[in-house]
Amino acid sequence: KSIIDHSITNSRSSASAARTALSSLDVYIAGLPDSDITKANLYIKGKLNELAACGETTTDLIDNLFKGYSKAKDHAFTQWLQRIKDDWTDRREEINPNGLAFMERVENYYKDRKNAGDWMKLSDDQATILALQTKLQNVTTKDKKDKKGKKGKKGKKSDKENREPYEKPAWKKKAPKDGEKQKKEVDGKTYHWCIHHKEWTVHSSSECRKKSDGKDKAEKEKKKKSEKKNKVENLTLKVLQTIAEHVDQGAGTDSESCCSP
């Protein structure tokens, strides 16, 4: 008796596992490389055989098949499948509950598209979206690399910076008092007090380029950042517009198919 009880328990456990697998076909097919329908059907038949070995059947196979097949990554295939499902739901088409003929029909469609080289081939809209997304990703990645490069340059000291610091004579930093001349000669060289450098230099304050250079550099950096930001925003907008157009077209096609006799 214990052997019989153990056999019954194993049988129920196997049947339960097979039912769970069939109800999770969407997860299984979504994870299949290249959405291989032939491989999916072999897997499904294996689970059906496990149920049969336990003396059991399934009553929701067709629903599970539609749910699973819909996860295939081929746009034309999923549209074709949806039309069949709509007809089956509206009782315009009958599908045998054992699912065998339906599975064969689906596999034949898959093979035809694969042999023609059309399986999982991107539509024009999908190709455009992918190209724009790749371009957007490249711009974003380049921007991150530029920022990282600037940080690296900032942290790395040049040979010039590694040398012993040059100590300027104290007089160079000593500002002239009120009323004193802004110009003087030292060792035969003429020096001017530069209000921008705050020291005695060979150029005058009016000739100093420090202030203007700093201002120009800041403006250039600001302009560069603005251009990068605009570029990313424009690409993002293009991606969103293309997706929106694709969705609108799909909605229009669906509404036409629903309304057609």
Side-chain angles (χ1 to χ4, degrees), residues 18-52 57-137 238-261:
R19 288 184 194 283
T20 301
L22 289 170
S23 65
S24 304
L25 285 178
D26 53 336
V27 178
Y28 176 78
I29 294 177
L32 277 179
D34 300 326
S35 299
D36 191 329
I37 300 299
T38 299
K39 189 173 181 179
N41 279 354
L42 286 173
Y43 174 82
I44 295 164
K45 287 174 183 177
K47 298 305 170 184
L48 290 173
N49 288 336
E50 288 176 19
L51 271 179
T57 59
T58 175
T59 57
D60 54 359
L61 177 63
I62 306 303
D63 283 315
N64 288 332
L65 288 175
F66 276 120
K67 185 172 74 170
Y69 288 144
S70 67
K71 294 300 178 181
K73 301 175 185 70
D74 183 90
H75 185 62
F77 172 80
T78 52
Q79 284 189 323
W80 171 79
L81 187 72
Q82 185 60 48
R83 287 195 291 272
I84 296 174
K85 186 179 181 181
D86 290 341
D87 289 342
W88 175 70
T89 303
D90 294 339
R91 300 184 184 280
R92 292 194 295 267
E93 180 171 343
E94 290 294 326
I95 298 177
N96 193 307
N98 68 22
L100 296 177
F102 178 48
M103 288 166 66
E104 184 180 359
R105 180 182 176 187
V106 170
E107 188 171 343
N108 286 338
Y109 184 89
Y110 157 74
K111 287 179 177 177
D112 287 343
R113 280 187 62 75
K114 190 174 181 181
N115 292 335
D118 293 330
W119 185 250
M120 289 180 67
K121 188 177 180 180
L122 295 178
S123 66
D124 291 341
D125 284 341
Q126 289 173 322
T128 302
I129 291 170
L130 183 62
L132 288 170
Q133 286 175 331
T134 303
K135 198 171 180 181
L136 177 61
Q137 187 176 2
K238 281 184 181 180
V239 172
L240 293 174
Q241 284 176 338
T242 306
I243 292 172
E245 288 171 6
H246 181 64
V247 171
D248 287 343
Q249 287 173 3
T253 304
D254 290 343
S255 61
E256 286 174 10
S257 62
C258 289
C259 297
S260 58

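Residue indices begin at 1 and follow the sequence shown. The figures here come from the full heavy-atom set of this structure, side chains too, leaving out hydrogens, waters and symmetry mates.
Side chain to side chain, Asp60 and Thr58 meet the donor-acceptor criterion of an N or O pair below 3.5 Å.
The backbone N or O of Asn98 lies less than 3.5 Å from a partner atom in the side chain of Asn96, making a donor-acceptor pair. Asn41 contributes a side-chain N or O that, together with a main-chain N or O of Met103, makes up a donor-acceptor pair within less than 3.5 Å. Looking only at distances, no side-chain donor or acceptor of Lys73 sits under 3.5 Å from a matching main-chain atom of Asp34. A donor-acceptor contact shorter than 3.5 Å links the side chain of Asp36 to the backbone of Thr38. Between the side chain of Ser24 and the backbone N or O of Ala21 there is no donor-acceptor pair closer than 3.5 Å.
Nearest approach of Lys114 to Trp119, heavy atoms of both residues: CA-CB, 3.8 Å. When all heavy atoms of Leu32 and Ala40 are compared, the pair lying nearest together is CD1-CB, 3.8 Å.
Contact check for Tyr69 versus Trp80: no side-chain heavy atoms found under the 4.5 Å cut-off. Between Glu93 and Ile84, the closest side-chain pair of non-hydrogen atoms falls below 4.5 Å.
To the nearest 0.5 Å, the span separating OG on Ser70 from NZ on Lys85 amounts to 7.0 Å. How far CG of Leu100 is from CD1 of Ile44: 10.5 Å, rounded to the nearest 0.5 Å. Here Arg19 contributes atom CZ and Glu50 contributes atom CD; the two are 12.0 Å apart, rounded to the nearest 0.5 Å. How far OH of Tyr43 is from CG of Leu48: 11.0 Å, rounded to the nearest 0.5 Å. For the atom pair CD1 of Ile37 and NZ of Lys111, the computed distance is 11.5 Å after rounding to the nearest 0.5 Å. Going from atom OH of Tyr110 over to atom CE of Met120 covers 9.5 Å, rounded to the nearest 0.5 Å.
With a 6.0 Å radius and a threshold of 12 heavy atoms from other residues, nucleotides or ligands, Glu104 has its CD atom at or below the threshold. Crowding of Arg92 atom CZ: a count of heavy atoms from other residues, nucleotides or ligands under 6.0 Å exceeding 12.
Under the 30°/60° scheme for interplanar angles, the aromatic rings of Trp88 and Phe66 are found to be tilted. Using a 30° and 60° split on the angle between ring planes, Tyr109 and Phe77 fall in the tilted class, from 30° to 60°.
Partner of Arg113 under the side chain to side chain donor-acceptor pair (under 3.5 Å) criterion, chosen from Asn108, Asp74, Asp118: Asp74.
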Open item on the list: Using side chain to side chain contact (heavy atoms under 4.5 Å, CB included), reason through Gln82 and Asp86 one step at a time and then give a plain yes or no.
Closed with: CA-CA 6 Å; Gln82 185 60 48; Asp86 290 341; 2.9 Å; yes
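For the pair Lys45 and Glu107, the salt-bridge criterion is not met [side-chain N within less than 4.0 Å of a carboxylate O].
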